[in-house]
Every structure is written in structure tokens, then in C-alpha cells.
Amino acid sequence: MTTLTLFSSQKLFNGIHNQYQHQSKVNQCDMTFSVFLPPQANENNKVPALYFLSGLTCTDENFSVKAGAQQYAAKHGIALIMPDTSPRGEDVPDDMDGDYAFGQGAGFYVNATQKPWQTHFNMYDYVVSELPALIESELPISNIKSIFGHSMGGHGALVIALRNSQSYQSVSAFSPIVNPVETPWGQKAFFNYLGDHLPQWLLYDACHLVAQGNNQLPMLIDQGLSDDFLDEQLLLDNFIAASEQADYQVTINKREGYNHSYFFISSFIESHIDFHAAHLIK
């Protein structure tokens, strides 16, 4: 049985924000995650969950501290689940050149197939299966869930939702990497994690997945037009073209003057949580 170790606990907006650590079977290391339980959650009332996947270099704490999301989750009675972005530890491999876009802090939400990454870097299975099963068994949280994320985490949220549409009520993203097979960040990560095998890469490319047009979910994307990464790493226009060709319905907001930062996320986090609440609470 997996044991949750409580690292910290804070009361805010009449709910509780907890940070936990546990031994992950799929990543074969200790993993850290945070949970905000709204005031409506108790042993007699399991609440729905909204998972947030963070971007490059982030931990579970970036979104927890900077986004201001808990107040809106409390209003709707939704739990926020915030996993780390990758496995970590002395025994976990990392990029030898110190590249922030690869290795620890940059798991890209894939299941690695190549050495030395395959032992620990299985963030896809962690987010899709292991973490929800743990949370739903240990905390007053139901199996009704949605998912969203930022940048690399936006990529992860879109890929996970598109590949598991029966498991999620809705999906959204801030500044997502939507076409990683065509970007420097994605190509380095995928080559090292997955090898030189394009069909495996495409399983983690939102443009490829949305083009199939199957099992449509409510989907929302916000993108700042002053984002320094937009043209080289994010490639939102490729996703727009793929979704239009497949007649996949997506709400996309292009925000003038906003960049890639948490200032952008905090400006529109309320609208994203309202969007998910409309589909999580019926």
C-alpha cells in the first residue's frame, strides 16, 4: 500500500492546501504533489478534481503559489491536483549539459522507452493512472475529473485528454506546446526519451491527435500574443489548422500583450476554472 507523507498544510479560502510525497511505482522514485481541498470536501462528500500540469523547470509549487487558483476552486467546490513535472532525485538521470528543457523538471508527460530514461520517466502513466488511483483512494475526491496545464504542461494536458477522452470532462491549456515533433524542445526530448521512432512521437503530439477528430471534449486554449516562444516552440497556428480540418470544436483566445508568464495565467485562471466547473458539476 502506498503511504502518503504530508509535508505541509495551509488553510486558505476555507479549504486546505496540502503538499504530499509518496513512492511512485511507475517512476520508481519519490514523487511530490499538492492538493487543494475546497471547503465542500469531506468524507461524506467527494468532490470532482481538476488536474494542473506545469511547464518546464516547474514543480508543484509554481502554480500553487502564483496562479491564485484556489479561491475559484473553493467557490465551485473543486479539488485542484498539482503534480510535479518529472521524477527527481540523485538516482534519476538528468541532462548532462544542464539544458532546462530536458531531464529533471522536463518530463514532457511521456512514457520513456530509451535508456537511461525509461526506468524513471513515465509521467504519462503517472498522471493518467497512478496519481488518480492514489488520490481517489486516500482523499475525499471522486473519479470525475478534468485537466489543464501551461506550456509543456499544456502539451501534457491536451495529449492526455485527447488519448483518454472517456476519463475527462473537459480540457484547457495556457500557451501549450501543441506540435512538439516540429519544435527544438520537443525534438530533443522525444529523441532521447522515445528514440528515433516517429510513430511513438506522434502519440504525444496534440496536432496529430486532434486531427483524428474523434471523441471530442470541451476544449479551451488561451495564448498570449507577446509570448517569446510562440513562433518557434508553441506553434498554435498548426493546432488551429489541424482542429479546423478535423472539425474539432475548440475555443481559442488570442490575448494581445500577454507573454508566457504566470502574470498571464493569473489574469485568466478564473475563466478556465469556470469553464471546467461547468462540465465537472452537473
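Values reported hereafter were calculated over all heavy atoms of this structure, with side chains retained and with hydrogens, waters and symmetry mates removed.
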Would you confirm whether [X], through its side chain, and [Y], through its main-chain N or O, come within 3.5 Å as a donor-acceptor pair?
| X | Y | result |
| --- | --- | --- |
| T85 | C58 | yes |
| S266 | A67 | no |
| H150 | H260 | yes |
| S243 | I240 | yes |

Tell me whether the count of non-hydrogen atoms from other residues, nucleotides or ligands lying under 6.0 Å of CG in N42 goes above 12.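 Yes - once you tally the heavy atoms of other residues, nucleotides and ligands closer than 6.0 Å, there are more than 12.
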If you draw a 6.0 Å radius around CD in Q166, do more than 12 non-hydrogen atoms from other residues or ligands fall strictly inside?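 Enclosed.
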Does the structure place the NZ or CZ of R255 under 6.0 Å from the centre of the six-membered ring of F264, at an angle of no more than 45° from the ring's axis?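 Ring-cation test returns no.
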Cation-pi geometry met for R163 and Y204 (6.0 Å, 45°):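 That pair qualifies as a cation-pi contact.
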Specify whether F52 and F148 have parallel, tilted or perpendicular ring planes, treating 30° as the upper limit for parallel and 60° as the lower limit for perpendicular.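 If you compare the ring of F52 with that of F148, the planes turn out perpendicular.
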Parallel, tilted or perpendicular: which fits the ring planes of Y193 and F108, with parallel below 30° and perpendicular above 60°?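 The rings of Y193 and F108 sit tilted, inter-plane angle from 30° to 60°.
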For a side chain to side chain donor-acceptor pair (under 3.5 Å) with S170, tell me which candidate from H272, H279, H276 qualifies.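 Answer to the side chain to side chain donor-acceptor pair (under 3.5 Å) test with S170 among H272, H279, H276: H276.
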Check whether the side chains of H155 and D205 place a donor and an acceptor atom closer than 3.5 Å, and report yes or no.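 No - no donor-acceptor pair under 3.5 Å links their side chains.
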Return the set of residues passing side-chain hydrogen bond (donor to acceptor under 3.5 Å, both in side chains) with S175 (not counting sequence neighbours), or none when no residue passes.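 S175: no side-chain hydrogen bond (donor to acceptor under 3.5 Å, both in side chains) contacts found.
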Side-chain heavy atoms under 4.5 Å apart, restricted to Ile/Leu/Val/Met/Phe/Trp/Tyr: what other residues fall into the cluster of V65, or is it alone?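 Joined to V65, directly or through intermediates: none.
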